[in-house]
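Below: the structure, in structure tokens.
Heavy-atom basis, side chains included; hydrogens, waters and symmetry copies ignored.
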Amino acid sequence: MHNSSMVTVISLGGSIVAPDSADGQFLNDFRELIRSLLAADPQRQFIFVVGGGGPARAWQKAYRTVCGSAMCNEEADWIGIMATRLNAQLVKAVMAEWCPQDVVYDPTQAEPLAGRVLVAAGWKPGFSSDYDAVLLADRFHAKTVINLSNIAQVYTADPKIDPVAQPLDNISWAEFRAMVGDEWVPGKNVPFDPIASRFAHEHSLQVICAAGRDIANLRNILCGNHFTGTTIG
């Protein structure tokens with residue numbers, strides 16, 4: 001549909017953009033990296049799909065405090081989605097010189113890129129912004145989604161719980177999905193959303209999970225150099 005082999009899709013974790021509140025220093029460093037890559041390659045384009053981060057968790061927590069067991073997952077999801085939209089609007093503003101289009105809310109209706117950057121946010125309940133990222137990758141013929149979060153690599157188990165958990169450089173979709181399961185819970189903390197993982201597996205997409213704040217490492221990923229991270233595929 002789109003001849004976009006030069007489109008790079010990045011799922012930009014909310015924990016990177018707004019760990020507690022918005023992180024201006026990270027956004028500045030990230031913008032300068034993107035600026036240099038766009039200058040180096042006139043064909044290159046980016047799609048950033050922005051997560052909810054600290055605001056999503058804080059607002060969902062308040063909802064849980066009030067409603068407890070009567071809490072509705074769909075309502076919690078909508079709160080998280082609105083946080084992704086706030087964060088995405090900030091990223092779009094920061095990238096304004098390359099991003100003439102409005103923030104995309106529905107990845108299935110995304111127009112071809114009018115500029116060199118497109119920013120997207122959460123769409124609807126039932127999955128995280130990771131799913132929006134794989135839908136956009138499929139729509140724009142990108143073979144890889146770079147998933148940036150506050151973890152550097154996927155581990156064999158949760159390293160906070162299991163002291164012998166080992167970092168993985170590579171893992172197959174079958175192995176990864178066995179770890180994360182097939183269910184989405186709003187605010188669930190997994191390296192990549194189970195619903196997105198199923199779609200990526202079925203559509204033969206590759207996902208690279210890496211630490212979002214490590215700008216030098218991110219440059220290596222985007223330039224095809226050796227990097228620290230986990231490739232799922």
Subject >> Thr230 OG1 to Ile151 CD1 distance, which is reported to the nearest 0.5 Å >> reply: 7.5 Å
Original post:
At what distance, to the nearest 0.5 angstrom, does CG of Asp41 lie from OG of Ser36?
Top reply: 11.5 Å
Original post:
Looking at CD1 of Ile146 and CD1 of Ile10, how far apart are the two atoms once the value is rounded to the nearest 0.5 Å?
Top reply: 5.0 Å
Original post:
So, do Val50 and Val119 sit near enough that their side-chain heavy atoms are less than 4.5 Å apart?
Top reply: yes
Original post:
Would you say Leu168 and Phe176 make side-chain contact, with heavy atoms under 4.5 Å?
Top reply: no
Subject >> From CD1 (Ile195) to OG (Ser197), nearest 0.5 Å >> reply: 8.5 Å
Original post:
Picking from Asp214, Leu218, Asn217, what satisfies side chain to side chain contact (heavy atoms under 4.5 Å, CB included) with Leu148?
Top reply: Leu218
Subject >> Residue pair Gln25 / Phe30, side-chain heavy-atom distance below 4.5 Å >> reply: no
Original post:
Minimum heavy-atom separation for Arg177 to His201, with atom names?
Top reply: NH1-ND1, 2.9 Å
Original post:
Cut-off 3.5 Å, side chains only: do Thr144 and Gln206 have a donor facing an acceptor?
Top reply: yes
Original post:
Would you say Ser129's side chain and Asp132's backbone share a donor-acceptor pair under 3.5 angstrom?
Top reply: no
**OP:** Could you tell me whether the side chains of Ser15 and Arg57 share a donor-acceptor contact shorter than 3.5 Å?
**Re:** no
Original post:
Looking only at heavy atoms, what is the nearest atom pair of Ala137 and Val145, with distance?
Top reply: CB-CG2, 3.6 Å
Original post:
Is the backbone of Gly126 close enough, under 3.5 Å, to the side chain of Asp77 for a donor and an acceptor to pair up by distance?
Top reply: yes
Original post:
Can you check whether Arg35's main-chain N or O pairs, donor with acceptor, with Trp98's side chain at less than 3.5 Å?
Top reply: no
Original post:
Would Asp23 and Arg213 pass as an ion pair if we require N to O under 4.0 Å?
Top reply: yes
Original post:
Do Leu27 and Arg31 have side-chain heavy atoms sitting under 4.5 Å apart?
Top reply: no
Original post:
Do the side chain of Asn87 and the main chain of Gly14 share a donor and acceptor less than 3.5 angstrom apart?
Top reply: no
Original post:
Within the side chain of Thr84, is there an N or O that forms a donor-acceptor pair under 3.5 Å with the backbone of Gly52?
Top reply: no
**OP:** Could you tell me how the ring of Tyr131 sits relative to the ring of Phe199: parallel (under 30°), tilted (30 to 60°) or perpendicular (over 60°)?
**Re:** perpendicular
Original post:
Under 4.5 Å between any side-chain heavy atoms of Arg44 and Leu222, yes or no?
Top reply: yes
Original post:
Okay, side chain of Asp182, backbone of Arg198: is any donor-acceptor separation there less than 3.5 Å?
Top reply: no
Subject >> Residue pair Asp20 / Pro55, side-chain heavy-atom distance below 4.5 Å >> reply: no
Subject >> Ile81 vs Tyr105 side-chain heavy atoms within contact, under 4.5 Å >> reply: no
Subject >> Shortest non-hydrogen contact from Trp123 toward Arg85 >> reply: O-NH2, 3.2 Å
Original post:
Does atom CG of Asp106 have more than 12 heavy-atom neighbours, drawn from other residues, nucleotides or ligands, at distances under 6.0 Å?
Top reply: yes
Subject >> Arg219 side chain to Asn225 backbone, donor-acceptor under 3.5 Å >> reply: no
Original post:
Can you name the closest pair of heavy atoms from Leu135 and Pro107 and give their distance?
Top reply: CD1-CG, 3.6 Å
**OP:** Just do the side chain to side chain contact (heavy atoms under 4.5 Å, CB included) check on Asp162 and Tyr155 with the steps written out, would you?
**Re:** CA-CA 10 Å; Asp162 185 347; Tyr155 280 73; over 6 Å; no
Original post:
Roughly how far, to the nearest 0.5 Å, is the CD atom of Glu97 from the CG atom of Leu38?
Top reply: 9.0 Å
**OP:** Keeping the roles fixed (side chain from Gln101, backbone from Pro112), state whether a donor-acceptor pair exists under 3.5 Å.
**Re:** yes
Original post:
Does a side-chain heavy-atom distance below 4.5 Å link Phe192 with Val134?
Top reply: yes
Subject >> Atom of Arg64, atom of Met71 and distance for their closest heavy-atom approach >> reply: CG-SD, 2.8 Å
Original post:
With under 30° as parallel and over 60° as perpendicular, where do the rings of Phe46 and Phe48 fit, or are they tilted in between?
Top reply: parallel
Subject >> Gln153: which of Asp169, Thr228, Thr231 passes side-chain hydrogen bond (donor to acceptor under 3.5 Å, both in side chains) >> reply: Asp169
Original post:
Donor-acceptor pair, Thr156 side chain versus Gln166 backbone, under 3.5 Å?
Top reply: yes
Original post:
So, does Lys92 use its side chain to make a donor-acceptor pair with the main chain of Asp102 at under 3.5 Å?
Top reply: no
Original post:
Which atom names give the shortest non-hydrogen contact between Ala88 and Ala120, and what distance separates them?
Top reply: CB-O, 3.8 Å
Subject >> Euclidean distance, Ser11 OG relative to Ile47 CD1, rounded to 0.5 Å >> reply: 12.0 Å
